[in-house]
Amino acid sequence: MRKIQMVDTKTQYLAIKDQVDAAIHEVLDSAAYINGKAVRDFAQNLGTYLGIEHVIPCANGTDALQIAMMALDLQPGDEVITPSFTYIATTEVVALLKLKPVFVDVDPVTYCMDIESLKKAITPKTKAIVPVHLYGQAAPMEEIMAIAQAHNLYVIEDNAQAIGCDYTFSDGTKKKTGTIGHIGATSFYPSKNLGAFGDGGALFTNDKALAHKMAMIANHGQSERYYHDVVGCNSRLDSIQAAILNIKLTHLDEYSKARQSVANYYSTAFAGIEQILTPATGKHSTHVFHQYTMQLKKVDREKFIAHLSAKEIPCMIYYPVPGHLQKMFGDQNNQHWHLPVTDALTPCVCSLPIHTEMDAEQLAYIVEGVKSFFN
Ligand SMILES: *Cc1c(COP(=O)(O)O)cnc(C)c1O
């Protein structure tokens, strides 16, 4: 049996090696390493795939979130509402820009932003909402957009874990996650569903003025060569990464299906185990399973992990410390956040290996390994 890994980017590469190697060589031959044709082609192809007007590539997903917030002209002290139950990048950039992260709770089933908690968090200082499509399924975007509209707030979707996911509105309209808010931000970190062979990220929007501004910010605030109108940063996607992503984008839907079938296999196998709550898909969203995250009920999680580890089955905790308890937020920690779902989920979530290259033998072995803990 092949060694089981949380992600297996090597085997995925080998399956498309000829295509990828040829694309990389094309960039090498062109010597257009920065802002080459591959970057423009990828932006265009991704825009077409997502059904969005503007795609602005940048250096990574964290930069994408930062550039989005910089483009909205938020002032120090303005409040940005985000879940605490997410990867640190979502909330870190809020603090980096001297804005105030306001943490809200998540839904215990979908792990995405809780609407009641969002409503309660809105104050006159609130300027933006950053929902996260955590683990690969959509936050309740229809409700979030309605609340944002009623309070005149911006919505920046953190789509780093959900590229390819479809959200269905109550009137039947379908949109890709990342294209519903004013701005979508994503990451092409190698282990993401659409992963480069290095860092990468992108911003999406249908707003022409915002697109222009974000492209400027990502390029030193430059409007014309050597004319810098606003303070920006330097955040570029390499041509080589773009060329690789261009190939992988053509496989994205097939990758999502492979992930869904792994998830389906696990959930079917664990259906009879009372102590495992398998991940559920909300009815408005598909799920592209960036992670397969289950909840362990009345289980000693340390023992469970040690049991799997002895069988060389890796698993991970995403994330062991929620944002509102991270030291980096200093003063804000004193604010007695009331996030009961986040606090209850943190000690009981556990993510199993899930990627596009898992074979039947590995899956059967993992399921046996998990089941044997409960026997
Ligand atoms: C990965 C990730 C990011 C950051 O992306 P990088 O490319 O690593 O900077 C942001 N938000 C979420 C939810 C992520 O999973």
**Prompt:** Can you say whether the rings of Phe169 and Tyr167 are parallel (under 30°), tilted (30 to 60°) or perpendicular (over 60°)?
**Reply:** perpendicular

**Request:** Rounded to the nearest 0.5 Å, what's the gap from CG on Asn264 to CG on Leu363? Could you check?
**Result:** 11.0 Å

**Item:** Of all pairs that satisfy salt bridge (charged side-chain N to carboxylate O under 4.0 Å, His left out), the ones with a partner from residues 16-26, not counting sequence neighbours
**Value:** Lys17-Asp21

**Message:** Does the plane of the ring in Phe374 sit parallel, tilted or perpendicular to the ring in Phe304? Use 30° and 60° as the thresholds.
**Reply:** tilted

**Prompt:** Do any N or O atoms from the side chain of Gln137 and from the backbone of Ala280 form a donor-acceptor pair under 3.5 angstrom?
**Reply:** yes

**Message:** Please check: side-chain N/O of Thr250 versus main-chain N/O of Ile247, any donor-acceptor pairing under 3.5 Å?
**Reply:** yes

**Asked** Got more than 12 heavy atoms from elsewhere within 6.0 Å of CD, Glu254?
**Response** yes

Table please: side-chain donor-acceptor pairs of residues 33-42 below 3.5 Å, with sequence neighbours left out.
from: Lys37; atom 1: NZ; to: Asp41; atom 2: OD2; distance (Å): 2.7
from: Arg40; atom 1: NH1; to: Asn35; atom 2: O; distance (Å): 3.2

**Message:** Any side-chain to backbone donor/acceptor pair from Asn193 onto Gly164? Under 3.5 Å, distance only.
**Reply:** no

**Request:** Determine the interplanar angle of the Tyr292 and Tyr266 rings, folded into 0 to 90°, and report it as parallel if under 30°, tilted if 30 to 60°, perpendicular if over 60°.
**Result:** tilted

**Request:** Determine whether the side chains of Thr62 and Glu92 contain a donor N or O and an acceptor N or O closer than 3.5 Å.
**Result:** no

**Request:** Check the surroundings of atom NE2 in His212: do more than 12 heavy atoms from other residues, nucleotides or ligands lie under 6.0 Å from it?
**Result:** no

**Message:** If I compare all heavy atoms of Met6 with all of His355, which pair ends up nearest, and what's the gap?
**Reply:** O-CD2, 3.4 Å

**Distance-minimising heavy-atom pair for Ala185 and Ala64** = CB-CB, 3.8 Å

**Prompt:** Can you tell me if Thr91 uses its side chain to pair, donor with acceptor, with the backbone of Gly323 under 3.5 Å?
**Reply:** no

**Asked** CE/Met214 to CG/Asp207 distance, rounded to the nearest 0.5 angstrom?
**Response** 8.0 Å

**Prompt:** Can you tell me if His182 uses its side chain to pair, donor with acceptor, with the backbone of Tyr154 under 3.5 Å?
**Reply:** no

**Message:** Would the distance check show the side chain of Thr356 and the main-chain N or O of Tyr255 forming a donor-acceptor pair, the cut-off being under 3.5 Å?
**Reply:** no

**Request:** Mark yes when over 12 heavy atoms from residues, nucleotides or ligands other than Asn234 sit less than 6.0 Å from its CG; otherwise mark no.
**Result:** yes

**Inter-residue atom distance Thr342.OG1 - Asp114.CG, 0.5 Å rounding** = 9.0 Å

**Asked** Could you give the distance from CZ (Phe188) to NZ (Lys248), rounded to the nearest 0.5 Å?
**Response** 11.0 Å

**Asked** In this structure, are over 12 heavy atoms from other groups packed under 6.0 Å from Tyr189 atom OH?
**Response** no

**Request:** Classify the side-chain pair Ser235/Asp63 by whether it contains a donor and acceptor separated by less than 3.5 Å.
**Result:** yes

**Prompt:** Any side-chain donor paired with an acceptor under 3.5 Å for Glu143 and His284?
**Reply:** no

**Message:** For the backbone of Lys176 and the side chain of Thr179, can you confirm whether one donor and one acceptor N or O come within less than 3.5 Å of each other?
**Reply:** yes

**Prompt:** Looking at CG of Asp8 and CD of Gln362, how far apart are the two atoms once the value is rounded to the nearest 0.5 Å?
**Reply:** 7.5 Å

**Message:** Hydrogens and angles aside, do Thr281 and His287 bring a side-chain donor and acceptor to less than 3.5 Å of each other?
**Reply:** no

**Request:** Show your reasoning for whether side-chain hydrogen bond (donor to acceptor under 3.5 Å, both in side chains) applies to Glu312 and Tyr365.
**Result:** CA-CA 10 Å; Glu312 296 190 41; Tyr365 181 80; over 6 Å; no

**Request:** Return the set of residues passing ring pair (Phe, Tyr, Trp, His ring centres under 6.0 Å) with His54 (not counting sequence neighbours), or none when no residue passes.
**Result:** none

